[in-house]
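Input: a single structure, listed below in structure tokens.
None of these values were measured; they are calculated from a predicted model. In what follows, residues are counted from 1 in the order of the sequence shown.
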Amino acid sequence: MFDKISKRKGMTHVRMLRSSDMSHQHECHDLIARWMLRILIDLNTWKSSRIGNDDDNLKAIGLLEEKCGDLNEQFLFKLLKKTKKKLDQKPIQISNIAENNLIWLQTLVGLTDVELEILLFAICISTYSPLDSIANDIGNLTRSGAIKALSGILHISHADISDALSRKGNLLNSGLLKINKGNNTDLESLLEIPDGISEILSIDENERQNLLNQFFHQANNSSLKLKDYPHVKKDITLIKQYLSTVIEKNIHGVNILVHGVPGTGKTELVGVLARSMSAKLYQISIADNDGDDLPSSGRISAYQMAQRVLANQEKSLRLFDEIEDVFPANSFFDREPKIGKAWFNNLLETNAIPTFWLSNSIEQIDNAYIRRFDYVLELKTPPKSVRKNILKKNLGDLDISTEWIEKMSKDKKLVPGIISRAAKVVANIPSSPNASVEDNMEHVVANTLRAMGNRVQKTDLQKSTIDYQLDALNPSHDVHQLVNGLKGVSGARLCLYGPPGTGKTAFGHYISSTLDKPIIVKRASDILSPFVGVAEMNMAAMFEEAREEDAVLLLDEADSFLQERSTLKQSWEVTQVNELLTQMETFDGLFVCSTNLMDKLDVAVLRRFDFKIKLDYLKIEQVWKLFSNALNWDKKQVASNSKWKSELSLYNNLTPGDFANVLRQHRLSSKSLTAEELFSGLKQESLFKKDSNQIKEIGFHANY
């Protein structure tokens with residue numbers, strides 16, 4: 001290969017010295033000097049060049065002893081021509097290291113001799129300032145101008161240079177060279193090479209793999225297994241079947257997009273998939289060997305390099321992680337996209353090796369790209385059962401109670417990545433009598449969740465002040481029978497209505513606890529939006545979340561969405577009702593609505609509920625039982641204090657919520673709760689209500 005190039009008197013190179021190191025002659029001195037003289041003479045830039053005033057440039061072309069700036073133009077021109085003629089007749093030497101490495105790279109990527117020589121020139125001009133300085137006198141160039149200039153510098157035909165720099169050529173497709181667009185670009189800026197590629201001219205043979213690692217490397221093995229992803233079992237099956245077929249048939253242009261919030265295990269999933277298929281997984285590098293982040297253009301070059309090098313690798317996959325900054329986003333402030341859509345689409349459609357593209361968010365990716373992915377998988381936070389197993393797996397050796405794990409696993413914000421990192425921290429903290437492992441775990445997790453903008457709730461294992469009891473409800477239906485019946489069905493639709501505090505929302509929680517299912521509670525503030533269409537999207541999302549979690553879906557304040565459509569004035573309000581009706585029809589889980597305003601609900605909505613259950617004010621016997629229980633009276637005390645039952649009978653609008661409020665208020669007092677204080681508090685709660693005028697207060701009761 002080098003014999004052919006040497007006949008053109010142009011191709012040699014050895015270890016590059018940085019331009020700052022001028023104490024030694026550059027090992028590619030003759031080749032660079034030849035290129036510089038061709039720029040000065042053949043491209044006729046010698047008149048505008050300041051060659052005689054720069055010692056570095058003089059050294060580079062072998063005129064160290066001459067002071068060309070002191071000579072007249074005619075003599076300078078003759079001197080340059082004489083030097084050029086002498087150099088053209090001189091055989092060019094090349095070191096074994098550079099020759100072997102260049103041949104290795106050419107074979108690895110499949111470069112032609114012309115492509116390799118252009119790459120060598122791009123490396124030299126980007127790493128050696130004298131060549132760049134002389135080339136600057138050519139002026140700013142377009143792509144066609146650069147082809148013409150390179151033809152004159154390298155003494156290669158214009159057609160051959162044009163072919164080597166075409167989109168069909170391996171030089172550009174390999175990512176080893178990028179032609180920057182623009183009409184005001186000097187030659188060095190126009191020929192962009194990836195960081196680190198210049199090392200090819202100086203590295204030892206056993207360092208070649210380190211050079212490739214700057215572009216891609218074999219991915220680390222994942223400690224997880226496919227069984228750790230039961231929530232995407234169907235997707236895993238389909239993807240494995242598809243990849244097995246395309247690998248066997250050698251189908252090109254296969255791309256799979258995996259997206260989801262950070263910490264859901266996207267990278268690990270790809271690793272698990274590859275291992276289950278006995279396929280080698282190569283990851284596109286995110287940083288160079290110095291640990292510096294690669295720019296988006298550098299990562300695309302790395303992707304192209306992997307494409308060429310691994311094209312013939314049997315049964316292999318590629319992983320391109322953190323693609324948020326890679327895909328060109330449409331922005332009002334961008335005068336032109338960073339990368340042409342047509343070029344990028346072609347990149348997706350022609351890749352030889354199936355590639356996984358991973359992103360935390362796909363909002364910035366144009367739909368024109370998304371539709372070109374063969375398979376799109378959103379990896380969401382795993383359901384409660386999976387979160388529970390992850391907690392057990394990571395905390396199995398620590399002093400953690402089963403009850404705590406049960407409570408903690410209910411938090412949907414706990415993605416696997418957060419759990420594993422928090423567990424690592426806590427496992428390496430010495431035990432202390434002042435803080436339990438559970439406390440430490442919650443503290444570490446809470447800090448991470450807050451930093452991510454999430455609300456944090458303390459995991460409280462203590463029982464509530466008043467245990468929820470079905471007997472403390474006044475329902476219009478036998479709720480004991482209903483709860484037992486729900487244990488044998490997969491789904492139902494319940495509408496709970498009645499005055500505030502009668503236990504509607506708490507009944508939804510009771511159902512989820514009895515059925516051992518997580519509960520998802522949504523309120524108007526979670527769904528409504530000032531932007532048209534967003535509320536409908538939020539409704540669809542909550543039903544989808546309930547499906548994935550196999551959870552009881554409780555919609556509180558349902559009257560905000562299910563109002564009679566004939567009374568609505570805005571079209572978007574009607575659309576919200578229609579959307580909720582549609583979602584209810586297709587939801588096969590347990591859906592519970594609660595409302596204080598039953599008379600405002602749409603008739604069509606009411607027909608869709610299996611049961612419409614009113615939870616009314618407590619009967620006097622229920623009030624008396626809660627009153628006695630709150631004071632911890634035994635049977636004898638209950639009998640001796642029956643006067644309070646008579647007093648309570650005058651207030652027919654009391655609810656379990658009223659008892660809970662009074663008991664919460666009393667927690668601020670250091671005294672024991674008395675019957676007088678409990679009655680007084682319940683009376684105030686009753687009188688605060690709008691229907692308090694229904695209460696009959698007679699005799700001394702009115703002035704109690």
Residue pair [X] / [Y], side-chain heavy-atom distance below 4.5 Å:
X: Gln241; Y: Leu238; value: yes
X: Pro382; Y: Pro416; value: yes
X: Val114; Y: Leu154; value: no
X: Ile32; Y: Tyr128; value: yes
X: Leu131; Y: Ile39; value: yes
X: Lys81; Y: Ile41; value: yes
X: Leu273; Y: Val270; value: no
X: Leu212; Y: Met305; value: yes

Modelled atom types, side-chain donor and acceptor of [X] and [Y], under 3.5 Å:
X: Asn136; Y: Glu188; result: no
X: Arg208; Y: Asn101; result: yes
X: Lys424; Y: Asn394; result: no
X: Asp374; Y: Tyr242; result: yes
X: Tyr375; Y: Asp235; result: yes

Report the C-alpha distance between Glu205 and Trp104 in whole Å, list the side-chain angles of each, state the deciding distance to 0.1 Å, and finish with yes or no for side chain to side chain contact (heavy atoms under 4.5 Å, CB included). CA-CA 9 Å; Glu205 182 177 350; Trp104 168 75; over 6 Å; no
Leu171 and its side-chain contact (heavy atoms from CB on, under 4.5 Å) partner, picked from Thr112, Leu176, Leu116: Leu176
Tell me which one of Phe216, Tyr303, Tyr282, Phe356 satisfies side-chain contact (heavy atoms from CB on, under 4.5 Å) with Phe320. Tyr303
Please round to the nearest 0.5 Å and tell me the distance separating atom [atom1] of [X] and atom [atom2] of [Y].
X: Ile323; Y: Ile284; atom1: CD1; atom2: CD1; value: 12.0 Å
X: Leu347; Y: Thr355; atom1: CG; atom2: OG1; value: 9.0 Å
X: Lys148; Y: Leu43; atom1: NZ; atom2: CG; value: 9.0 Å

Look only at the side chain of Arg372 and the backbone of Ala368, and say whether a donor-acceptor pair between them is shorter than 3.5 Å. yes
Go through the steps to decide whether Arg318 and Asn351 satisfy the test side chain to side chain contact (heavy atoms under 4.5 Å, CB included), and finish with yes or no. CA-CA 10 Å; Arg318 279 180 306 175; Asn351 66 313; 3.3 Å; yes
So, for [X] and [Y], which heavy atoms are closest and what is the spacing to 0.1 Å?
X: Gln283; Y: Ala219; result: OE1-CB, 4.1 Å
X: Ile197; Y: Leu211; result: CA-CD1, 4.4 Å
X: Pro194; Y: Ser301; result: CG-CB, 4.1 Å
X: Leu141; Y: Leu190; result: O-CD1, 3.6 Å
X: Val415; Y: Pro262; result: CG2-O, 3.5 Å

I would like to know whether Thr185 and Asn180 meet side-chain hydrogen bond (donor to acceptor under 3.5 Å, both in side chains); could you show each step before the answer? CA-CA 8 Å; Thr185 307; Asn180 287 320; over 6 Å; no
List the steps and the verdict of side-chain hydrogen bond (donor to acceptor under 3.5 Å, both in side chains) for Asn345 and Glu349. CA-CA 6 Å; Asn345 288 337; Glu349 294 170 355; 5.8 Å; no
